[in-house]
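To find a chain, count down the sequence lines: A is the first, B the second, and so on, and within it residues start at 1.
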Protein chains: 2
Amino acid sequence: MLQLTKDGEYGVRAVLHLASDPMRFSDIKEISAAQDVPGNYLAKIMQQLARSGLVRSRRGAKGGYALSRPPRRITLREVIEAVEGPIFLNVCLIRKGECPRDAICPVHDVWREAQRRLFEVLDSRTMEDLAGEGVKKAARAKGSRA
Amino acid sequence: MLQLTKDGEYGVRAVLHLASDPMRFSDIKEISAAQDVPGNYLAKIMQQLARSGLVRSRRGAKGGYALSRPPRRITLREVIEAVEGPIFLNVCLIRKGECPRDAICPVHDVWREAQRRLFEVLDSRTMEDLAGEGVKKAARAKGSRA
DNA sequence: TATAATCAAGACTAGATTAGTCCTATATAC
DNA sequence: GTATATAGGACTAATCTAGTCTTGATTATA
Ligand code: SF4
Ligand code: SF4
(Lines give C-alpha, C1' and ligand atoms only; values in the text may rest on other atoms or scores of the structure.)
(Ligands and ions follow the chains in the order given, each with its own letter.)
Protein backbone atom coordinates (compact mmCIF):
# COMPACT_ATOMS: atom_id res chain seq x y z
CA MET A 1 0.00 0.00 0.00
CA LEU A 2 3.04 2.28 -0.12
CA GLN A 3 2.61 3.07 3.56
CA LEU A 4 4.74 2.68 6.66
CA THR A 5 3.58 -0.20 8.87
CA LYS A 6 2.95 -0.01 12.60
CA ASP A 7 6.21 -1.86 13.12
CA GLY A 8 8.12 1.02 11.62
CA GLU A 9 5.98 3.65 13.23
CA TYR A 10 6.29 2.16 16.71
CA GLY A 11 9.97 1.47 16.25
CA VAL A 12 10.65 5.12 15.47
CA ARG A 13 8.64 6.25 18.48
CA ALA A 14 10.54 3.88 20.74
CA VAL A 15 13.99 4.89 19.52
CA LEU A 16 13.01 8.53 19.78
CA HIS A 17 11.98 7.90 23.36
CA LEU A 18 15.37 6.40 24.11
CA ALA A 19 17.07 9.31 22.35
CA SER A 20 15.48 11.80 24.73
CA ASP A 21 17.69 10.41 27.52
CA PRO A 22 20.28 8.28 25.75
CA MET A 23 22.23 6.94 28.70
CA ARG A 24 19.27 5.73 30.76
CA PHE A 25 17.80 2.25 30.32
CA SER A 26 14.04 2.43 29.71
CA ASP A 27 11.93 -0.67 30.06
CA ILE A 28 9.03 -1.78 27.89
CA LYS A 29 6.43 -0.54 30.34
CA GLU A 30 7.86 2.96 30.34
CA ILE A 31 8.23 3.23 26.56
CA SER A 32 4.84 1.65 25.98
CA ALA A 33 3.11 4.13 28.29
CA ALA A 34 4.96 7.20 27.07
CA GLN A 35 4.69 6.44 23.38
CA ASP A 36 1.27 4.84 23.40
CA VAL A 37 2.27 1.49 21.93
CA PRO A 38 0.81 -1.89 23.02
CA GLY A 39 3.35 -3.40 25.39
CA ASN A 40 3.41 -6.94 24.08
CA TYR A 41 3.74 -5.72 20.54
CA LEU A 42 6.45 -3.25 21.45
CA ALA A 43 8.40 -6.08 23.08
CA LYS A 44 8.76 -7.77 19.68
CA ILE A 45 9.84 -4.56 18.03
CA MET A 46 12.44 -3.82 20.70
CA GLN A 47 13.86 -7.32 20.25
CA GLN A 48 14.24 -6.63 16.56
CA LEU A 49 15.94 -3.31 17.27
CA ALA A 50 18.27 -5.08 19.68
CA ARG A 51 19.09 -7.79 17.12
CA SER A 52 19.81 -5.11 14.55
CA GLY A 53 22.35 -3.58 16.91
CA LEU A 54 20.72 -0.17 17.07
CA VAL A 55 19.81 -0.56 20.73
CA ARG A 56 21.30 -2.68 23.50
CA SER A 57 19.28 -4.44 26.16
CA ARG A 58 19.80 -5.43 29.78
CA ARG A 59 17.68 -8.14 31.35
CA GLY A 60 16.45 -8.50 34.88
CA ALA A 61 15.57 -5.93 37.49
CA LYS A 62 16.45 -2.37 36.44
CA GLY A 63 16.88 -3.68 32.93
CA GLY A 64 15.51 -2.24 29.72
CA TYR A 65 16.80 -0.72 26.53
CA ALA A 66 19.20 2.08 25.60
CA LEU A 67 20.68 3.30 22.35
CA SER A 68 23.97 1.71 21.38
CA ARG A 69 25.08 4.88 19.54
CA PRO A 70 24.65 8.58 20.19
CA PRO A 71 21.36 9.91 18.78
CA ARG A 72 23.20 12.10 16.33
CA ARG A 73 24.54 9.01 14.60
CA ILE A 74 21.20 7.27 14.11
CA THR A 75 19.12 8.27 11.12
CA LEU A 76 15.40 7.88 10.67
CA ARG A 77 15.96 5.53 7.76
CA GLU A 78 18.18 3.27 9.84
CA VAL A 79 15.47 2.84 12.44
CA ILE A 80 12.78 2.09 9.89
CA GLU A 81 14.92 -0.39 8.00
CA ALA A 82 16.01 -2.06 11.24
CA VAL A 83 12.43 -3.03 12.02
CA GLU A 84 10.82 -3.23 8.58
CA GLY A 85 13.74 -4.44 6.50
CA PRO A 86 15.21 -2.54 3.55
CA ILE A 87 12.94 -0.14 1.70
CA PHE A 88 12.25 -0.74 -2.01
CA LEU A 89 9.58 1.49 -3.52
CA ASN A 90 9.16 -1.01 -6.35
CA VAL A 91 10.40 -4.56 -6.90
CA CYS A 92 12.74 -3.51 -9.69
CA LEU A 93 14.84 -1.61 -7.13
CA ILE A 94 15.70 -4.75 -5.18
CA ARG A 95 18.39 -5.69 -7.65
CA LYS A 96 19.14 -5.45 -11.35
CA GLY A 97 17.14 -8.04 -13.25
CA GLU A 98 14.60 -8.56 -10.48
CA CYS A 99 12.09 -7.22 -12.99
CA PRO A 100 12.90 -8.62 -16.44
CA ARG A 101 11.72 -5.38 -18.06
CA ASP A 102 14.05 -3.01 -16.24
CA ALA A 103 16.43 -2.60 -19.17
CA ILE A 104 13.70 -1.25 -21.43
CA CYS A 105 11.26 0.20 -18.90
CA PRO A 106 10.97 4.00 -18.77
CA VAL A 107 9.33 3.89 -15.34
CA HIS A 108 12.23 2.09 -13.71
CA ASP A 109 14.36 5.25 -13.61
CA VAL A 110 11.51 7.21 -12.11
CA TRP A 111 11.26 4.79 -9.20
CA ARG A 112 15.01 4.95 -8.76
CA GLU A 113 14.86 8.70 -8.46
CA ALA A 114 11.78 8.67 -6.25
CA GLN A 115 13.50 6.31 -3.85
CA ARG A 116 16.68 8.36 -3.92
CA ARG A 117 14.75 11.45 -2.94
CA LEU A 118 12.87 9.62 -0.22
CA PHE A 119 16.19 8.43 1.18
CA GLU A 120 17.55 11.97 1.05
CA VAL A 121 14.85 12.96 3.49
CA LEU A 122 15.03 9.89 5.73
CA ASP A 123 18.85 9.90 5.81
CA SER A 124 19.09 13.56 6.70
CA ARG A 125 17.15 13.33 9.96
CA THR A 126 18.98 11.97 12.97
CA MET A 127 17.43 11.00 16.26
CA GLU A 128 19.16 14.03 17.77
CA ASP A 129 17.45 16.37 15.30
CA LEU A 130 14.08 14.79 15.92
CA ALA A 131 14.37 14.65 19.70
CA GLY A 132 15.30 18.34 19.71
CA GLU A 133 12.43 19.20 17.41
CA GLY A 134 10.11 17.21 19.66
CA VAL A 135 11.02 19.32 22.68
CA LYS A 136 10.37 22.51 20.72
CA LYS A 137 7.07 21.28 19.35
CA ALA A 138 5.87 20.14 22.78
CA ALA A 139 6.75 23.55 24.23
CA ARG A 140 4.84 25.30 21.45
CA ALA A 141 1.80 23.10 21.97
CA LYS A 142 1.89 23.77 25.71
CA GLY A 143 2.31 27.49 25.14
CA SER A 144 -0.65 27.71 22.80
CA ARG A 145 -2.84 25.89 25.32
CA ALA A 146 -1.91 28.25 28.17
CA MET B 1 5.63 -2.56 3.28
CA LEU B 2 6.17 0.85 1.68
CA GLN B 3 6.11 -0.74 -1.78
CA LEU B 4 3.99 -0.32 -4.89
CA THR B 5 1.53 -3.19 -5.36
CA LYS B 6 1.02 -5.15 -8.54
CA ASP B 7 -2.22 -3.25 -9.07
CA GLY B 8 -0.28 -0.01 -9.41
CA GLU B 9 2.55 -1.57 -11.35
CA TYR B 10 0.25 -3.25 -13.88
CA GLY B 11 -1.95 -0.17 -14.12
CA VAL B 12 1.01 1.97 -15.11
CA ARG B 13 2.13 -0.57 -17.68
CA ALA B 14 -1.35 -0.69 -19.17
CA VAL B 15 -1.79 3.08 -19.40
CA LEU B 16 1.67 3.41 -20.87
CA HIS B 17 0.70 0.87 -23.48
CA LEU B 18 -2.37 2.91 -24.39
CA ALA B 19 -0.24 6.07 -24.47
CA SER B 20 1.98 4.62 -27.16
CA ASP B 21 -0.96 4.89 -29.59
CA PRO B 22 -3.51 7.05 -27.82
CA MET B 23 -6.33 7.04 -30.34
CA ARG B 24 -6.50 3.29 -30.89
CA PHE B 25 -8.63 1.02 -28.71
CA SER B 26 -6.56 -1.84 -27.33
CA ASP B 27 -8.26 -4.84 -25.82
CA ILE B 28 -7.27 -6.80 -22.75
CA LYS B 29 -5.65 -9.56 -24.76
CA GLU B 30 -3.38 -7.14 -26.56
CA ILE B 31 -2.34 -5.21 -23.45
CA SER B 32 -1.92 -8.40 -21.45
CA ALA B 33 0.39 -9.94 -24.04
CA ALA B 34 2.42 -6.81 -24.69
CA GLN B 35 2.87 -5.81 -21.07
CA ASP B 36 3.12 -9.28 -19.58
CA VAL B 37 0.20 -9.00 -17.16
CA PRO B 38 -2.27 -11.84 -16.36
CA GLY B 39 -5.34 -11.15 -18.48
CA ASN B 40 -8.03 -11.81 -15.89
CA TYR B 41 -6.23 -9.68 -13.38
CA LEU B 42 -5.64 -6.89 -15.85
CA ALA B 43 -9.37 -6.86 -16.61
CA LYS B 44 -10.09 -5.79 -13.02
CA ILE B 45 -7.45 -3.08 -13.17
CA MET B 46 -8.75 -1.72 -16.47
CA GLN B 47 -12.24 -1.54 -15.00
CA GLN B 48 -10.88 0.52 -12.14
CA LEU B 49 -9.05 2.81 -14.55
CA ALA B 50 -12.27 3.21 -16.55
CA ARG B 51 -14.27 4.00 -13.41
CA SER B 52 -11.67 6.59 -12.41
CA GLY B 53 -12.19 8.29 -15.75
CA LEU B 54 -8.59 8.02 -16.88
CA VAL B 55 -9.44 5.63 -19.69
CA ARG B 56 -12.65 5.03 -21.61
CA SER B 57 -13.89 1.66 -22.70
CA ARG B 58 -15.90 0.28 -25.58
CA ARG B 59 -17.60 -3.07 -25.27
CA GLY B 60 -18.24 -5.67 -27.89
CA ALA B 61 -16.42 -6.54 -31.06
CA LYS B 62 -13.53 -4.16 -31.84
CA GLY B 63 -13.89 -2.86 -28.34
CA GLY B 64 -11.20 -2.22 -25.79
CA TYR B 65 -9.68 0.71 -23.93
CA ALA B 66 -8.21 4.07 -24.88
CA LEU B 67 -7.01 7.06 -22.92
CA SER B 68 -9.65 9.68 -22.24
CA ARG B 69 -7.03 12.44 -22.24
CA PRO B 70 -3.84 13.08 -24.21
CA PRO B 71 -0.82 11.33 -22.68
CA ARG B 72 0.81 14.65 -21.88
CA ARG B 73 -1.98 15.42 -19.45
CA ILE B 74 -1.77 12.19 -17.47
CA THR B 75 0.83 11.98 -14.72
CA LEU B 76 2.36 8.87 -13.21
CA ARG B 77 0.86 9.73 -9.85
CA GLU B 78 -2.64 9.97 -11.32
CA VAL B 79 -2.39 6.48 -12.74
CA ILE B 80 -1.11 4.97 -9.52
CA GLU B 81 -3.72 6.69 -7.38
CA ALA B 82 -6.47 5.73 -9.82
CA VAL B 83 -5.82 2.05 -9.21
CA GLU B 84 -4.36 2.02 -5.70
CA GLY B 85 -6.23 4.90 -4.13
CA PRO B 86 -4.55 7.99 -2.69
CA ILE B 87 -0.98 7.65 -1.46
CA PHE B 88 -0.21 8.37 2.20
CA LEU B 89 3.31 7.47 3.31
CA ASN B 90 2.10 7.41 6.91
CA VAL B 91 -1.34 7.46 8.51
CA CYS B 92 -0.85 10.94 9.92
CA LEU B 93 -0.87 12.33 6.38
CA ILE B 94 -4.43 11.17 5.72
CA ARG B 95 -5.87 14.14 7.58
CA LYS B 96 -5.08 16.36 10.53
CA GLY B 97 -5.88 14.54 13.75
CA GLU B 98 -5.79 11.08 12.19
CA CYS B 99 -2.85 10.45 14.50
CA PRO B 100 -3.54 12.05 17.87
CA ARG B 101 0.16 12.82 18.28
CA ASP B 102 0.61 14.87 15.13
CA ALA B 103 0.59 18.23 16.95
CA ILE B 104 3.59 17.30 19.08
CA CYS B 105 5.30 14.72 16.87
CA PRO B 106 8.62 15.73 15.31
CA VAL B 107 8.43 12.91 12.76
CA HIS B 108 5.15 14.07 11.32
CA ASP B 109 6.79 16.92 9.41
CA VAL B 110 9.41 14.59 8.03
CA TRP B 111 6.75 12.37 6.52
CA ARG B 112 5.01 15.40 5.09
CA GLU B 113 8.19 16.46 3.37
CA ALA B 114 9.05 12.94 2.24
CA GLN B 115 5.64 12.60 0.65
CA ARG B 116 5.89 16.04 -0.94
CA ARG B 117 9.16 15.07 -2.56
CA LEU B 118 7.80 11.75 -3.73
CA PHE B 119 4.88 13.58 -5.31
CA GLU B 120 7.27 16.01 -7.00
CA VAL B 121 8.74 13.08 -8.85
CA LEU B 122 5.50 11.27 -9.62
CA ASP B 123 3.70 14.47 -10.66
CA SER B 124 6.45 15.58 -12.98
CA ARG B 125 6.33 12.54 -15.26
CA THR B 126 3.56 12.41 -17.82
CA MET B 127 2.60 9.41 -19.92
CA GLU B 128 3.94 11.32 -22.91
CA ASP B 129 7.37 11.69 -21.26
CA LEU B 130 7.47 8.05 -20.31
CA ALA B 131 6.23 6.71 -23.64
CA GLY B 132 8.91 8.79 -25.38
CA GLU B 133 11.57 7.58 -23.00
CA GLY B 134 10.39 4.01 -23.59
CA VAL B 135 10.97 4.29 -27.32
CA LYS B 136 14.48 5.63 -26.73
CA LYS B 137 15.33 2.98 -24.19
CA ALA B 138 14.06 0.18 -26.42
CA ALA B 139 16.16 1.52 -29.30
CA ARG B 140 19.25 1.65 -27.11
CA ALA B 141 18.70 -1.90 -25.89
CA LYS B 142 18.25 -3.11 -29.48
CA GLY B 143 21.35 -1.23 -30.60
CA SER B 144 23.54 -2.69 -27.90
CA ARG B 145 22.37 -6.19 -28.81
CA ALA B 146 23.22 -5.69 -32.50
C1' DT C 1 20.41 -17.18 47.97
C1' DA C 2 15.57 -16.38 47.19
C1' DT C 3 12.77 -13.37 44.80
C1' DA C 4 11.01 -10.11 41.85
C1' DA C 5 11.78 -7.76 37.70
C1' DT C 6 12.85 -7.79 33.06
C1' DC C 7 14.17 -9.26 28.38
C1' DA C 8 14.37 -13.36 24.65
C1' DA C 9 12.21 -16.44 21.79
C1' DG C 10 8.64 -18.07 19.60
C1' DA C 11 3.85 -20.06 19.15
C1' DC C 12 -0.58 -18.51 18.21
C1' DT C 13 -4.48 -15.63 16.30
C1' DA C 14 -8.19 -12.79 13.73
C1' DG C 15 -8.63 -10.02 10.20
C1' DA C 16 -7.03 -7.61 6.10
C1' DT C 17 -4.56 -7.46 1.89
C1' DT C 18 -2.53 -9.34 -2.29
C1' DA C 19 -2.64 -11.44 -6.44
C1' DG C 20 -5.00 -13.65 -8.71
C1' DT C 21 -9.27 -16.87 -11.21
C1' DC C 22 -13.78 -17.53 -13.03
C1' DC C 23 -18.64 -16.86 -14.18
C1' DT C 24 -22.69 -14.32 -15.79
C1' DA C 25 -24.69 -10.35 -17.92
C1' DT C 26 -24.54 -6.69 -21.13
C1' DA C 27 -23.18 -4.05 -25.15
C1' DT C 28 -21.40 -3.65 -29.91
C1' DA C 29 -19.57 -4.51 -34.79
C1' DC C 30 -20.53 -6.87 -38.69
C1' DG D 1 -27.64 -13.31 -34.96
C1' DT D 2 -23.42 -14.21 -33.70
C1' DA D 3 -18.89 -13.54 -32.27
C1' DT D 4 -16.34 -10.40 -29.53
C1' DA D 5 -15.44 -7.50 -25.57
C1' DT D 6 -16.11 -5.16 -21.32
C1' DA D 7 -18.78 -4.84 -16.50
C1' DG D 8 -19.54 -6.58 -12.28
C1' DG D 9 -18.81 -9.46 -8.79
C1' DA D 10 -18.08 -13.93 -6.35
C1' DC D 11 -14.47 -16.74 -5.00
C1' DT D 12 -9.70 -18.30 -3.36
C1' DA D 13 -4.90 -19.40 -1.51
C1' DA D 14 -1.22 -17.33 0.37
C1' DT D 15 0.76 -13.78 2.81
C1' DC D 16 0.97 -9.82 5.86
C1' DT D 17 -0.55 -7.03 9.80
C1' DA D 18 -1.14 -6.12 14.29
C1' DG D 19 -1.41 -7.94 17.81
C1' DT D 20 -1.53 -11.62 22.35
C1' DC D 21 0.40 -15.03 25.36
C1' DT D 22 3.52 -18.50 27.37
C1' DT D 23 7.79 -20.21 28.74
C1' DG D 24 12.55 -19.66 29.80
C1' DA D 25 16.86 -17.06 30.83
C1' DT D 26 19.17 -13.28 33.24
C1' DT D 27 19.98 -9.76 36.68
C1' DA D 28 19.58 -6.47 40.87
C1' DT D 29 18.81 -6.49 45.38
C1' DA D 30 16.87 -7.76 50.10
S1 SF4 E 1 8.71 0.02 -13.18
FE2 SF4 E 1 9.46 -1.04 -15.00
S3 SF4 E 1 11.32 -2.05 -14.27
FE4 SF4 E 1 10.18 -1.44 -12.47
S5 SF4 E 1 8.92 -3.19 -11.96
FE6 SF4 E 1 7.66 -1.93 -13.28
S7 SF4 E 1 8.07 -2.73 -15.34
FE8 SF4 E 1 9.66 -3.52 -14.02
S1 SF4 F 1 4.92 10.17 12.62
FE2 SF4 F 1 4.11 11.19 14.43
S3 SF4 F 1 2.22 12.10 13.74
FE4 SF4 F 1 2.79 10.62 12.18
S5 SF4 F 1 1.76 8.74 12.78
FE6 SF4 F 1 3.77 8.65 13.76
S7 SF4 F 1 3.43 9.56 15.78
FE8 SF4 F 1 1.66 10.11 14.54
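- D:dA7 atom P lies 17 Å from atom OH of B:Tyr41, rounded to whole Å.
- In terms of position on DNA chain D, the residue among A:Gly60 and B:Arg58 whose nearest nucleotide sits closer to the 5' end is B:Arg58.
- Between D:dT17 and A:Tyr10, no contact under 4.0 Å exists linking OP1 or OP2 to a side-chain N or O.
- Between the side chain of B:Lys44 and the base of D:dG9, at least one donor-acceptor pair of N or O atoms lies under 3.5 Å.
- C:dG20 atom P lies 10 Å from atom CG of B:Asp36, rounded to whole Å.
- At least one side-chain nitrogen or oxygen of A:Ser57 sits closer than 4.0 Å to the OP1 or OP2 atom of C:dA8.
- When each of A:Arg59 and A:Lys6 is assigned the nucleotide of DNA chain D with its nearest heavy atom, A:Lys6 is the one assigned upstream, toward the 5' end.
- The heavy-atom pair separating A:Lys137 from B:Ala103 by the smallest distance is CE-O, 3.3 Å.
- The listed nucleotides are C:dA19, D:dA18, C:dA29; the one nearest the side chain of B:Asp7 is C:dA19.
- Between B:Asn90 and A:Gln3, the side chains place no donor N or O within less than 3.5 Å of an acceptor N or O (distance only, hydrogens not considered).
- Taking every side-chain heavy atom of B:Pro38 into account, C:dG20 is the closest of C:dC22, C:dG20, C:dT18.
- Nearest to the side-chain atoms of B:Ala61 among the listed nucleotides C:dC30, C:dA9, D:dT4 stands D:dT4.
- Nucleic acid contact for B:Asp27: sugar-phosphate only, since backbone atoms but no base atoms lie under 4.0 Å from a heavy atom of the residue.
- For the pair A:Arg56 and A:Tyr65, the cation does not sit on the ring face, since its NZ or CZ is not both under 6.0 Å from the ring centre and inside 45° of the axis.
- Checking side-chain atoms of A:Gln35 against main-chain N and O of A:Ser32 turns up no donor-acceptor pair under 3.5 Å.
- As a whole-Å value, the separation of B:Gln48 CD from D:dG9 C1' is 14 Å.
- The distance from atom CG of B:Leu49 to atom P of D:dT6 is 13 Å, rounded to the nearest whole Å.
- Distance, A:Ile31 CD1 to C:dT6 P: 12 Å, rounded to whole Å.
- Rounded to an integer number of Å, the gap from CG of B:Leu42 to P of C:dG20 is 11 Å.
- Backbone-only contact: A:Arg51 has heavy atoms under 4.0 Å from sugar-phosphate atoms and none from a base.
- Distance, B:Gln47 CD to D:dT6 P: 10 Å, rounded to whole Å.
- Salt bridge annotation for B:Glu84-B:Arg77: absent, with no cationic side-chain nitrogen under 4.0 angstrom from a carboxylate oxygen.
- With rounding to whole Å, B:Ile28 atom CD1 is found 11 Å from D:dA7 atom C1'.
- Using a 4.0 Å heavy-atom distance criterion, A:Met46 is classed as making no nucleic acid contact.
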